[in-house]
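These notes are about the structure you will find just below.
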Amino acid sequence: MAQSTLNRRALITGRVLSAERVVSPPGCEIASIIVQARPERLDALEAAISALPGCEIHGRDPRGKLVVVTEAPDAGSLGTMLNTIQSLADVYSAALVFHAIETT
């Protein structure tokens, strides 16, 4: 393996790291998502989100808001989950409001 020169550009672009040195954090990613949806379709949407792996509904406002807590193994999976929720029918918006890495 060729030795990378440590300079600002190499550091910013990630070229100073090799695949052997990248270590995933232990535990999982936990996030809270606020979902704004059509109020008359809230029951169906709540069922659809609850059926997604790692998702739980922790709050509900009859005006069309849900508080979803989700758990994923990594940030990429968490982003995929956010996109999945955002693309469900009758969802106006889904916004990440809290994110943490839980270590074991």
Side-chain angles (χ1 to χ4, degrees):
M1 179 169 114
Q3 182 70 18
S4 297
T5 303
L6 183 60
N7 61 40
R8 183 174 176 268
R9 185 171 305 278
L11 184 65
I12 290 172
T13 59
R15 286 181 286 175
V16 296
L17 296 177
S18 68
E20 297 93 40
R21 293 194 276 168
V22 177
V23 178
S24 298
C28 63
E29 311 265 336
I30 298 173
S32 181
I33 301 168
I34 298 293
V35 178
Q36 179 72 44
R38 296 181 65 141
E40 64 273 10
R41 301 285 299 146
L42 209 52
D43 291 333
L45 182 61
E46 187 173 354
I49 291 173
S50 295
L52 295 172
C55 287
E56 296 176 6
I57 306 294
H58 279 270
R60 178 185 168 134
D61 184 309
R63 293 175 290 185
K65 293 181 184 172
L66 295 173
V67 177
V68 179
V69 175
T70 186
E71 185 176 302
D74 54 50
S77 299
L78 191 60
T80 300
M81 182 63 66
L82 179 61
N83 287 336
T84 299
I85 291 171
Q86 212 163 2
S87 66
L88 290 172
D90 303 312
V91 171
Y92 295 139
S93 68
L96 182 70
V97 293
F98 174 79
H99 174 242
I101 298 173
E102 184 173 288
T103 58
T104 55

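Here the structure is a predicted model, which is why all the values come from computation and not from measurement.
Inter-residue side-chain proximity for S32 and V67 is flagged as met; some heavy-atom pair is nearer than 4.5 Å. With a 4.5 Å cut-off on side-chain heavy atoms, L45 and D90 do not count as touching. With a 4.5 Å cut-off on side-chain heavy atoms, S77 and E29 do not count as touching.
Residue H58 holds its NE2 atom at 11.5 Å from CD1 of I33, rounded to the nearest 0.5 Å. Taking OG1 from T80 and CD1 from I85, the interatomic distance works out to 11.0 Å, rounded to the nearest 0.5 Å.
Nearest heavy-atom pair across L78 and A72 is N-CB, 3.8 Å. The minimum heavy-atom distance linking L66 with I49 is given by the pair CD1-CD1, 4.1 Å. Across every non-hydrogen atom of S50 and I57, the tightest pair is OG-CG1, 3.5 Å.
When the salt bridge (charged side-chain N to carboxylate O under 4.0 Å, His left out) test is applied to D61, the partners found at least two apart in sequence or on another chain are R63. Under the salt bridge (charged side-chain N to carboxylate O under 4.0 Å, His left out) criterion, R60 pairs with D43, E46, not counting sequence neighbours.
Hydrophobic clustering (side-chain heavy atoms under 4.5 Å, transitive across Ile, Leu, Val, Met, Phe, Trp, Tyr) groups V91 together with L52. Using a 4.5 Å cut-off between side-chain heavy atoms of Ile, Leu, Val, Met, Phe, Trp and Tyr, with links allowed through other members, Y92 and L96 fall into different hydrophobic clusters.
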